[in-house]
Amino acid sequence: MPAASKNSPAILIAAISGRSLAAAARRAGFRPLVADLFGDSDTVALAERTAQLPGSIRDGIDGGKIVDILMGLAREEEPVALVYGSGFERSPDILDMLAQTFRIAGNSAATIRAVKDPAGLSRLCRDLDIRHPAIRFSAPEQNGWLIKLGGGAGGSHVRPAGAATLENGYYYQKLVQGNSISALFLAQSGSARIVGFSRQWSAPSQSSPYRYGGAVRLRRFDRDKKRQITGWLDKLTKRTGLVGLCSADFIDGPDGLHLIEINPRPGATLDIFDSEEAPLLAAHLSAVRGENITVPTYRGTKASAIAYAPYDISRFPQIEWPNMTADHQNPGSTLCADDPVCTVLAQARSAAAAERAVKRRVNEMAEHWKEGFQ
């Protein structure tokens with residue numbers, strides 16, 4: 001990865017985890033200034049400077065002190081922009097506040113409200129003739145429904161609907177069977193340009209049966225389905241004003257495609273699409289600014305997956321991390337069972353081979369934790 005020189009422009013990054021955006025910034029020739037929840041060791045190594053944000057994976061980022069934290073991170077510099085990742089969907093008001101101080105390269109708070117409010121997205125899809133699972137806010141009388149958190153990410157908040165009372169911020173969504181597909185796209189001037197497609201899978205735990213497990217970049221995707229998805233995303237982009245690098249999640253089932261949600265910022269699949277040959281953060285900035293953008297092409301494929309802790313770890317040891325891993329825990333940190341330990345990557349000629357390889361590597365890492373902590 002090319003290292004930005006001391007004369008390269010700085011860019012601010014704020015997210016629950018900023019490592020993938022920091023790596024993308026380096027590839028695009030920027031000096032990343034990163035504020036996130038974790039301060040993983042490889043994030044610190046990639047960034048020019050780091051700061052810790054208050055908040056949690058469950059609750060998102062606490063915006064109470066975020067302006068002061070980011071101003072302290074920027075110091076006397078004038079970063080070209082603030083790029084945000086996950087953590088703001090449930091509190092778009094934070095972005096309204098940040099926009100008063102920083103140049104935000106990404107979607108506005110109004111756009112986030114339009115696509116992340118469950119009822120609002122349901123109405124949009126109905127108006128635009130986009131197939132979308134039914135939602136409701138009263139308990140369903142039959143099986144086949146999920147409980148989801150509005151603006152939630154990572155799948156840990158999703159569970160089968162039961163007799164429990166619906167908590168504030170949650171809603172019911174009809175379960176749709178099929179394969180989980182994600183489209184990465186660049187939104188600009190009312191149209192969506194597809195960067196590529198990925199297939200995702202879950203890593204179920206006892207409390208989180210739909211927890212995100214990983215994704216693999218697909219070399220091929222059905223042309224008719226691509227045309228349908230592009231048409232849907234064009235309509236949503238035009239209606240909501242989406243800009244920059246975004247993703248959309250779908251279920252591809254027996255009765256066709258269903259749009260599940262829109263992620264209006266760079267997300268989990270950045271690792272498997274970004275490269276030195278295709279620096280997507282540069283394309284993101286160009287799309288936001290209304291400049292010409294070029295959609296990259298890819299050879300082979302790449303997969304990423306999360307390795308989760310199988311049990312509580314009171315003090316994480318010093319680890320010599322293998323290649324093709326990221327989001328490294330700091331020595332001495334404390335982990336609870338099911339916390340993410342690291343991200344694992346794999347490359348191959350085909351999507352099936354890359355998915356097998358990354359799942360095998362996750363299992364190998366799990367054995368490493370087992371040997372290290374018994």
Side-chain angles (χ1 to χ4, degrees), residues 1 17 19-28 85-86 153-155 178-187 192-203 211-230 232-233 244-252 257 259-284 287 293-307 323-327 340 342-362:
M1 180 181 297
S17 174
R19 191 272 315 159
S20 62
L21 280 169
R26 283 284 177 187
R27 295 187 190 103
S86 63
N179 294 320
S180 180
I181 300 294
S182 182
L184 185 68
F185 65 99
L186 286 160
R193 300 180 65 181
I194 301 292
V195 176
F197 293 93
S198 60
R199 180 175 62 245
Q200 301 184 356
W201 59 86
S202 61
R211 181 179 64 177
Y212 177 79
V216 59
R217 190 178 74 220
L218 300 177
R219 292 187 63 191
R220 299 178 181 85
F221 193 71
D222 182 271
R223 289 183 180 180
D224 291 337
K225 292 177 181 178
K226 179 178 180 180
R227 189 179 302 112
Q228 183 179 27
I229 287 173
T230 301
W232 286 356
L233 295 179
L245 197 62
C246 308
S247 64
D249 295 338
F250 302 86
I251 294 296
D252 185 6
L257 291 161
L259 172 69
I260 302 301
E261 65 177 336
I262 298 289
N263 300 303
R265 37 77 184 171
T269 60
L270 186 61
D271 279 329
I272 60 176
F273 284 96
D274 191 61
S275 67
E276 294 177 15
E277 296 76 25
L280 289 177
L281 196 64
H284 172 73
I293 53 175
T294 300
V295 176
T297 57
Y298 298 92
R299 294 181 179 179
T301 188
K302 191 173 184 180
S304 67
I306 309 298
N323 291 332
M324 300 290 283
T325 61
D327 300 316
C342 69
T343 298
V344 181
L345 304 163
Q347 292 178 305
R349 291 185 177 182
S350 72
E355 182 176 342
R356 287 195 300 270
V358 81
K359 289 179 176 178
R360 182 176 64 250
R361 296 199 71 208
V362 166

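- Screening Arg19, Arg27, Lys302 for a salt bridge (Lys or Arg N to Asp or Glu O under 4.0 Å) with Asp274, the sole residue that qualifies is Arg27.
- Contact record, Ala192 with Phe185: CB-CD1, 3.6 Å, taken as the closest heavy-atom pair.
- Ring orientation note: the planes of Tyr298 and Phe273 are nearly perpendicular, at an angle over 60° on the 30°/60° scale.
- Summarising the geometry, atom CG belonging to Leu259 is positioned 9.0 Å from atom CD1 belonging to Ile229; distances are rounded to the nearest 0.5 Å.
- The CZ atom of Phe250 lies 10.5 Å from the OG atom of Ser180; values are rounded to the nearest 0.5 Å.
- Across all their heavy atoms, Asp224 and Asp222 have their closest contact at N-OD1, 3.0 Å.
- Shortest non-hydrogen contact noted between Ala287 and Leu186 is CB-CD2, 4.3 Å.
- Rounding to the nearest 0.5 angstrom, the gap separating the OG1 atom in Thr230 from the NZ atom in Lys225 is 14.0 Å.
- Pairing each heavy atom of Ala303 with each of Ile272, the nearest pair is C-CG2, 3.6 Å.
- The structure places CD1 of Ile260 at 8.0 Å from CG of Asp249, a figure rounded to the nearest 0.5 Å.
- Between Asp271 and Ser20, the side chains place no donor N or O within less than 3.5 Å of an acceptor N or O (distance only, hydrogens not considered).
- In this structure, Ile262 CD1 and Leu233 CG are separated by 5.5 Å, a value rounded to the nearest 0.5 Å.
- For the residue pair Ser247/Asn263, the side-chain donor-acceptor check at 3.5 Å is satisfied.
- Of all non-hydrogen atoms in Leu345 and Arg361, the two that sit nearest each other are O-NH1, 2.8 Å.
- Taking both residues in full, the closest heavy atoms of Ser350 and Arg219 are given as CA-CD, 4.3 Å, listed atom of the first, atom of the second, then distance.
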